[in-house]
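Quick notes on the structure that follows.
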Amino acid sequence: MSASCVFRDEGKLSPEYLPQRTPHRDGERRELFEIYRPMLKDEGLAPIAFLVGPVGSGKTMMVRMLGKEMEEKGVLHGCTIKPVSVNCRTDRTPTAVMNRVVEALGARFPKRGLEAQETLRFVLDMLARTRGRLLLILDEADSLVSAGDRSLLYSLARLREIHGSSRVALLMLSKSTRFLLALDASTRSSLQKTTLALSGYTVDQLVDIIASRAEESMQPGAMGVDVARFIANLSQGGDARYCVELLLRSGSASERRGACSVAVSDVLEARNSLPPGVDLQELQYLTEHERLVLTAAANLLRGSRAFISTGELEAEYRGLCATSSVKHCGHTTFWMTLQKLKAKDFLGMERSGRGRRGRTTLIMLRIRAADAMRGLDKTAWSRA
Ligand SMILES: Nc1ncnc2c1ncn2[C@@H]1O[C@H](COP(=O)(O)OP(=O)(O)OP(=O)(O)O)[C@@H](O)[C@H]1O
Ligand SMILES: [Mg+2]
């Protein structure tokens, strides 16, 4: 294998890899661990909790780490704790979930034809016999409810009442707890007693995450802080997954170029290889001035630049207005138009960093310049 001058270990950017450091989630990871810590001491305690947070906020990562930690600490405390994670988007029915649990526990079990409740009984008996404890993680738990059959959640919420068992601790993950409204009030309250809510990462937090993931996976100096900021700004809703994916693809792009560090042009190439995070159909609903401002941004950003200043953009916009005989709007309205395009996720805005004289707002495109041009062309803003 030839040594790469960009990557030290590309595999450390794969979705399965658990990073060594988790900036901005250490506090939440500790909180989560504290919720389940009682399992290590008292057999009679089986916590139930919820972890909610938007796309790419680190839920699955945190929970996989928790599972590992509980299993390892269990060994030290002389108890067997088996973490089993089921993705309910894949296994959407109670039967599918329980079959997955049996499989993960390595039990021999005649799967076919058995109801989820019978399988649950089988699992509880097995845990009682082996004095084991199960930490059942239901990832994307909302899919279980939207699939229609709520019986498993009812049973899991009342394990002690119905089955006299406290060998199953439950951790549910989803983007919000809204789906619980489909359950009856008492099940809802027992499931929702402990909720840990994560916010989407801020741009600054994403920069730290990108730097940390780059440090683990790339050669020293391969990822500069400006490029990391650019990547962070391209993510929507504080999604770390998108950043890690861009990091990997940008690194590969710079490697293909034969370079040893990632440039903005590599990130643009990487971004262009991913589907747009915004619905391009929305372009047709923009007002005339929004279209003109976006066209101006696309004109300036179709090369390999990451950001432009608001001053440059306003000048380009005014130029476009002049060539298409449209009266340009004043500075305040221009500014409000930028805010609207930002709210629609077509543009990103970033305060310029230290080191520059004064601070100005920098503008970036969140969609490909070519897509913006094509979409706007179709809607013909000059139709007047
Ligand atoms: N604080 C962090 N430090 C390092 N990497 C992180 C951090 N947070 C998230 N990641 C990485 O970002 C990616 C997405 O995280 P994860 O899969 O946990 O998101 P999620 O909240 O489960 O999203 P979804 O709701 O879409 O399933 C993973 O590769 C994860 O390792
Ligand atoms: Mg997830």
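Counting only heavy atoms from C-beta outward, the side chains of Met223 and Leu247 approach each other to under 4.5 Å. For the pair Leu338/Thr310, a side-chain contact is recorded, criterion being any heavy-atom separation below 4.5 Å from C-beta on. Residues Asp345 and Ile367 have side chains not in contact (no heavy-atom distance under 4.5 Å, counting atoms from C-beta outward). Proximity of Asn272 to Asp371: side-chain heavy atoms (C-beta onward) are nowhere separated by under 4.5 Å. In this structure, Phe179 and Leu144 have side chains that are not in contact, with every pair of non-hydrogen atoms separated by 4.5 Å or more.
Leu51 contributes atom CG, which lies 11.5 Å from atom OG1 of Thr177 (distance to the nearest 0.5 angstrom). With values rounded to the nearest 0.5 angstrom, Met70 atom CE is found 4.0 Å from Ile81 atom CD1. Put simply, OH on Tyr317 and CG on Asn299 are 14.0 Å apart, with the number rounded to the nearest 0.5 Å. Atom CD of Glu290 and atom CZ of Phe346 lie 9.0 Å apart (nearest 0.5 Å).
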Dump the intermediate steps for side chain to side chain donor-acceptor pair (under 3.5 Å) on Asp26 and Thr22, then the final yes or no. CA-CA 6 Å; Asp26 292 346; Thr22 53; 2.7 Å; yes

side-chain contact (heavy atoms from CB on, under 4.5 Å) evaluation trace for Leu198 with Val52:
CA-CA 6 Å; Leu198 306 175; Val52 293; over 6 Å; no

Quick one: do Leu138 and Leu173 satisfy side-chain contact (heavy atoms from CB on, under 4.5 Å)? Show the steps, please.
CA-CA 6 Å; Leu138 298 180; Leu173 274 60; over 6 Å; no

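Using a cut-off of 4.0 Å between Lys/Arg side-chain N and Asp/Glu carboxylate O, Asp266 and Arg257 are scored as salt-bridged. The existence of a salt bridge linking Arg25 and Glu28 is confirmed by a sub-4.0 Å separation between a basic side-chain nitrogen and an acidic carboxylate oxygen. Looking at Lys344 and Glu282, no side-chain N of the basic residue comes within less than 4.0 Å of a carboxylate O on the acidic one, giving no salt bridge. A salt bridge between Glu71 and Arg133 is absent, with no side-chain N of the basic residue lying under 4.0 Å from a carboxylate O of the acidic one. Taking a cutoff of 4.0 Å between a charged side-chain nitrogen and a carboxylate oxygen, Arg241 and Glu245 do not qualify as a salt bridge. A salt bridge links Arg37 to Glu34: one of the charged nitrogens lies within less than 4.0 Å of a carboxylate oxygen. Ion pairing between a basic and an acidic side chain is recognised when a charged N comes within 4.0 Å of a carboxylate O; Glu269 and Arg249 show no such pairing.
By the 6.0 Å and 45° rule, Lys73 stacks over the aromatic ring of Phe33.
Remark: the Thr60 side chain and the Asp139 side chain contain an N/O donor-acceptor pair separated by less than 3.5 Å. Under the 3.5 Å distance criterion, with hydrogens and angles disregarded, a donor-acceptor pair is assigned to the side chains of Asp184 and Ser186. Judged purely by distance below 3.5 Å, without hydrogens or angles, the side chains of Thr187 and Arg158 pair a donor atom with an acceptor atom. In the model, Ser4 has a side-chain atom that pairs as donor or acceptor with a side-chain atom of Glu255 under 3.5 Å. A donor-acceptor contact closer than 3.5 angstrom links the side chains of Gln117 and Ser155. Side-chain contact check for Tyr17 and Glu216: at least one donor-acceptor pair (N or O, by modelled atom type) lies under 3.5 Å. Looking only at atom types and distance, the side chain of Arg8 has no donor-acceptor partner in the side chain of Ser217 under 3.5 Å away.
Sorted by first and then second residue, the pairs that involve residues 225-247 and meet ring-ring contact (aromatic ring centres under 6.0 Å, His included), not counting sequence neighbours, are Phe230-Phe307.
Of the possible polar contacts, one joining the Gln284 side chain to the Gln281 backbone as a donor-acceptor pair under 3.5 Å is found.
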